[in-house]
Amino acid sequence: MQEQLSDRINNLATSQTLAMAAKARELKAEGKDIIGLSLGEPDFNTPDFIKEAAIQAINDNYNSYTPVDGYVELKDAIINKFKRDNDLTYDRSQIVVSTGAKQSLANAAMVILNPGDEVILPCPYWVSYAEIVKLAEGVPVEVPTTVDTDFKMTPEQLEAAITPKTKMIWYSSPCNPSGMVYSKEELRALADVLVKYPNIIVVSDEIYEHINFVGDHASMAQFEDMYDRVITVNGVSKAFAMTGWRIGYIGAPAWIARACNKMQGQITSGANCIAQRAVITALEAPVSKIDYMVDTFKKRRKLIIDLLNEIEGFKTTEPEGAFYVFPNVSYFFGKTIKGHKIENATDFSLFLLEEALVATVTGDAFGNPDCIRISYAASEAQIEEALKRIKKVLAEA
Ligand SMILES: Cc1ncc(COP(=O)(O)O)c(C=O)c1O
């Protein structure tokens, strides 16, 4: 039979982080010693106290469908977490638990956007934002930022991007891929623009909240004049090393939460029961329980930046959170190295994979074609070896 796929799927880009990981796996299968610095996944195991809660949940026979928007006990743990960590007050009607923050984001797009509605995406943005927006028939509007401005969108840029069709703005802070963190003052300056446009809804993706090396985490919903139109997205994948457990959640105005509940009621019937029980334990624990992971990321950040600074041609900021560096590599464009003509960041990332056997991700995937993303969710030994190899192959540039 002839393939008859929808335009929707045919027009959807393949995730370039996953594509890079697949290519790296292919080379590994050929026997090549690839160092993977492409994936956005902590290289720690889920902490034992969370695993034990999951085992307990299995033994306690948590095996039925859960409420579509999450167990009440989990919603209460999320409400307490929002209060404790973010000084945000939500009630149960404002919380929806989903199958990863990715589904929280997909819900937000599906319930808010009509065809042609514009969504402002400060670049670089997380790889899936633009594709999720397009799936919901929205139009991504990219606002470029550069390494020279720490990858932060200014209030002037925000205002210039707003049109009568603007329905939403989505950003992550700490940011994947740049590691940038908006301070409270910077968020306030963006909010000062947004208060002039009361119909624009904000998606504040705070999944890297705890992996923050500069101190205070600020949330857009903390501003009273913004609270009513912010969807605060969070989850346990990154801070608790629980990527495969697939639990994310939102705090939002009740009318948006109701709509997300309705949406996932027809699509997933709610998130996995065992994972939800385990996440209650994760969120009720003091945040200090995960300090060892954050401290390790901080050490690795220093290591990778020091090593990158030794190589001519990488221009990087000091990331303030998450576990990525996002250097500008345009210095290499137009050069031919070891027979590879480097025209752009995608060529450069492929060159590093093929010649240095190090997997990174092209900045193109994040709306910034001059950069590459390097994840330092890898051991110090792997980071040292990877940078040694990169330095060696670039010595011929
Ligand atoms: C900025 C950002 N938001 C959301 C997600 C999705 O997280 P989850 O694993 O909870 O779906 C990721 C994962 O890489 C991310 O980097």
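As the structure lists them, so they are numbered: ligands from 1, and atoms in each ligand from 1. If you read the sequence from its start, that first residue is 1, and numbering goes on from there. Note that this is a predicted model, so its numbers are computed, not measured.
Among all non-hydrogen protein atoms, the one lying nearest atom 5 (C) of ligand 1 is Trp126 CH2, 3.4 Å. Counting only heavy atoms of the protein, atom 7 (O) of ligand 1 lies nearest to Ile207 CD1, 3.4 Å. For atom 10 (O) of ligand 1, the nearest protein heavy atom (residue, atom name, distance) is Ala101 N, 2.7 Å.
Remark: the Gln222 side chain and the Asp87 side chain contain no N/O donor-acceptor pair separated by less than 3.5 Å. Thr362 and Thr346 share a donor-acceptor pair across their side chains, judged by distance under 3.5 Å alone. With hydrogens and angles left out, the side-chain atoms of Glu159 and Tyr197 include a donor and acceptor closer than 3.5 Å. For the residue pair Asp43 / Gln382, no side-chain donor-acceptor distance below 3.5 Å is found, with atom types taken as modelled.
Residue-ligand proximity, Gly100 to ligand 1, at heavy-atom distances under 4.0 Å covers atoms 10 (O), 11 (O). Short contacts between ligand 1 and Ser237, defined as distances under 4.0 Å to a heavy atom of the residue, involve ligand atoms 8 (P), 9 (O), 10 (O). Short contacts between ligand 1 and Lys102, defined as distances under 4.0 Å to a heavy atom of the residue, involve ligand atoms 6 (C), 8 (P), 11 (O). Close contacts between ligand 1 and Asn176 involve ligand atoms 1 (C), 15 (C), 16 (O) [criterion: under 4.0 Å to a heavy atom].
For ligand 1, the polar-atom distance check finds an N/O of Asp205 within less than 3.5 Å of one of the ligand's N/O atoms. Between Lys238 and ligand 1, at least one pair of N/O atoms sits closer than 3.5 Å. Not one N or O of Ile247 is nearer than 3.5 Å to an N or O of ligand 1, by distance alone.
Using 4.0 Å as the threshold, Gly235 has no heavy atom nearer than that to any atom of ligand 1. Judged by the shortest distance from any of its heavy atoms, Arg246 lies inside the 4.0 Å radius around the atoms of ligand 1. Every heavy atom of Glu41 sits 4.0 Å or more from the atoms of ligand 1.
The one candidate from Tyr182, Tyr125, Trp126 that meets the ring pair (Phe, Tyr, Trp, His ring centres under 6.0 Å) condition with Tyr171 is Tyr182. No option in Phe44, Phe213, Tyr324, Tyr292 other than Phe44 meets the ring pair (Phe, Tyr, Trp, His ring centres under 6.0 Å) test with Phe297.
For Arg300 and Tyr376, the positive end is not near the middle of the six-membered ring at less than 6.0 Å and at most 45° from its axis.
Taking the ring centroids of Tyr208 and Phe323, they lie under the 6.0 Å cut-off.
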Show your working on side chain to side chain contact (heavy atoms under 4.5 Å, CB included) between Val325 and Phe314 and close with a plain yes or no.
CA-CA 11 Å; Val325 273; Phe314 285 90; over 6 Å; no

